Amino acid sequence: MANRLTSSITPSSLSHLAEASLAVCAHDAGAASHLAAWLAPHRPQLRPCLTGPARSLFTARLGPLPQHSLEECLEGACLLISGSGWSSDLEHNARALARRRGIPSVAVVDHWVNYRARFERGGEEVLPDQLWVADAEAQVLAQATFPTLPVLQLPNHWLTELSQAVANTRPQPPQQPARRLLYLLEPIRVPWLGGPWKDEQGELQGLRHLLEQLPKLVERGWIAPPDQLEALALRPHPSEPAGKYDALIADAVRRFPIRLDSSPSLAAALAWSDATFGCETQALVAALACGLPAFSTVPPWAPPCRLPQAALHHLSRL
């Protein structure tokens with residue numbers, strides 16, 4: 001019954017739901033960015049349990065919302081829509097509780113990696129009854145990973161709006177060779193063995209790999225020589241703690257004009273930059289959509305970058 005119900009659920013169909021009957025649980029920024037855009041027209045129906053970056057993203061788009069505990073959020077709900085992030089167990093716990101209560105659920109997958117692991121915690125897999133994705137690549141991957149689940153591709157309002165905001169605020173076209181370099185960070189959470197920094201987490205190894213490969217990028221005309229660079233700005237992921245990259249910056253600043261990005265938003269950071277770098281963050285795909293060169297810095301001794309976008313450059317292949 002749940003599969004039959006959720007296979008017909010689309011954002012436009014939610015307006016028929018009763019007031020405060022749609023449970024929305026999200027923590028991570030990626031899925032929350034999509035959900036806030038898709039659910040904005042249905043504010044009266046929402047019964048949110050939002051934590052972390054998701055709460056501020058929803059507030060910025062929909063204004064202040066009443067917040068509920070997970071138990072309260074699902075009490076009386078007829079449908080759950082959740083994210084599928086890594087930084088919290090909230091969304092997994094919401095799907096598990098919804099299943100026990102017989103409430104059908106939809107989950108948003110906002111990336112292109114680790115699809116099955118997103119729905120596992122402590123050896124327990126809790127799948128939704130339907131998946132929502134925002135691009136064709138994700139739909140193909142989701143259908144291949146979960147062949148029995150309905151997968152609905154929806155418009156990527158977040159990316160469309162981001163691209164337009166960048167176009168509206170960019171003072172000039174990106175310079176080539178690039179002088180303003182933006183590094184888009186993300187928590188990898190595990191070290192990659194086999195390289196010179198095997199004791200460091202993957203996100204730090206990727207950044208150090210870029211610093212080592214900068215001369216090669218200069219030779220190929222992608223970026224300006226170090227003495228002509230305006231800045232290499234590091235933009236941490238919203239889930240990362242303050243000060244995480246301070247030691248690396250202090251060590252590298254003697255060789256490069258490296259600093260933390262101070263832009264108020266991702267759109268502002270992309271509008272400032274001439275080229276972008278990162279491991280396999282969704283923000284690299286956003287950079288491509290904004291017409292910026294984007295490079296994956298996953299080093300050759302690490303598992304290959306799993307982003308499927310053909311336009312993405314890979315330092316490991318240069």
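Side-chain atoms are counted along with the backbone in the values below, which use heavy atoms only and exclude waters and symmetry mates. Count residues from 1 along the sequence. Predicted model only: the values in this text are computed from it and were never measured.
Of the charged side-chain nitrogens involved, at least one lies within less than 4.0 Å of a carboxylate oxygen, so that E200 and R208 count as a salt-bridged pair. For the pair E161 and R61, the salt-bridge criterion is met [side-chain N within less than 4.0 Å of a carboxylate O]. A salt bridge between R47 and E72 is absent, with no side-chain N of the basic residue lying under 4.0 Å from a carboxylate O of the acidic one.
Side chains of Q45 and H16: no donor on one and acceptor on the other come within 3.5 Å. Looking only at atom types and distance, the side chain of R95 has no donor-acceptor partner in the side chain of S105 under 3.5 Å away. N114 and R306 share a donor-acceptor pair across their side chains, judged by distance under 3.5 Å alone. If you check the side chains of T276 and R235, you find no donor sitting under 3.5 Å from an acceptor. Using modelled atom types, one finds a donor on one side chain and an acceptor on the other under 3.5 Å when comparing D135 with W112. At a cut-off of 3.5 Å, with distance as the only test, a side-chain donor of Y245 or E240 sits close to an acceptor on the other residue. For the residue pair Q175 and R180, no side-chain donor N or O sits within less than 3.5 Å of a side-chain acceptor on the partner.
The hydrophobic cluster analysis finds W86 isolated: no Ile, Leu, Val, Met, Phe, Trp or Tyr side chain comes under 4.5 Å of it, directly or through other members.
Atoms CG and SG, on L210 and C279 in that order, are 10.0 Å from each other to the nearest 0.5 Å. One finds the CG atom of N93 at 10.0 Å from the CD atom of E91 (value rounded to the nearest 0.5 Å). To the nearest 0.5 angstrom, W132 atom CH2 is 10.5 Å from S82 atom OG. Here Y183 contributes atom OH and L234 contributes atom CG; the two are 8.5 Å apart, rounded to the nearest 0.5 Å.
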Verdict with reasoning, E203 to R189, per salt bridge (Lys or Arg N to Asp or Glu O under 4.0 Å): CA-CA 8 Å; E203 57 268 34; R189 300 186 177 90; over 6 Å; no
Worked check of salt bridge (Lys or Arg N to Asp or Glu O under 4.0 Å) between R118 and E125: CA-CA 9 Å; R118 289 171 177 270; E125 182 179 74; over 6 Å; no
Worked verdict on S84 versus Y115 for side-chain hydrogen bond (donor to acceptor under 3.5 Å, both in side chains): CA-CA 9 Å; S84 59; Y115 278 17; over 6 Å; no
side-chain hydrogen bond (donor to acceptor under 3.5 Å, both in side chains) between S87 and H27, worked out: CA-CA 7 Å; S87 300; H27 176 88; 5.0 Å; no
L22 vs C78, side chain to side chain contact (heavy atoms under 4.5 Å, CB included): CA-CA, chis, key distance, verdict: CA-CA 6 Å; L22 174 58; C78 66; over 6 Å; no
Full working for side chain to side chain contact (heavy atoms under 4.5 Å, CB included) between S273 and L181: CA-CA 6 Å; S273 67; L181 313 183; over 6 Å; no
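A chain of hydrophobic side-chain contacts below 4.5 Å, direct or via other Ile, Leu, Val, Met, Phe, Trp or Tyr residues, connects I188 to W197. Hydrophobic clustering of Ile, Leu, Val, Met, Phe, Trp and Tyr side chains at less than 4.5 Å, counting indirect connections, unites L141 with F119. Taken together through direct or relayed side-chain contacts under 4.5 Å among Ile, Leu, Val, Met, Phe, Trp and Tyr, I223 and L288 form parts of separate hydrophobic clusters. When hydrophobic clusters are built by joining Ile, Leu, Val, Met, Phe, Trp and Tyr residues whose side-chain heavy atoms come closer than 4.5 Å, directly or via intermediates, L65 is not grouped with L57. In the hydrophobic clustering of ILVMFWY residues, with side-chain heavy atoms under 4.5 Å counting as a link, V108 and L62 come out together.
The side-chain hydrogen bond (donor to acceptor under 3.5 Å, both in side chains) with H92 is formed by just one residue from the set E124, E120, R121; it is E124.
Evaluation of the ring pair (Phe, Tyr, Trp, His ring centres under 6.0 Å) test over residues 247-277, restricted to residues two or more places apart or in two chains, returns F277-F295.
Formation of a donor-acceptor pair under 3.5 Å by the R255 side chain with backbone atoms of V253 is not found in this model.
The environment of E75 atom CD is sparse: at most 12 non-hydrogen atoms of other residues, nucleotides or ligands sit within 6.0 angstrom.
Two residues are said to be in side-chain contact when any heavy atoms from C-beta on lie closer than 4.5 Å; Q130 and L149 fail this criterion.
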Let me have the donor-acceptor pairs involving side chains of residues 309-318, under 3.5 Å, with sequence neighbours excluded, atom names and distances please.
none

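Note: W301 and H209 have perpendicular aromatic rings, judged against thresholds of 30 and 60 degrees for the angle between ring planes.
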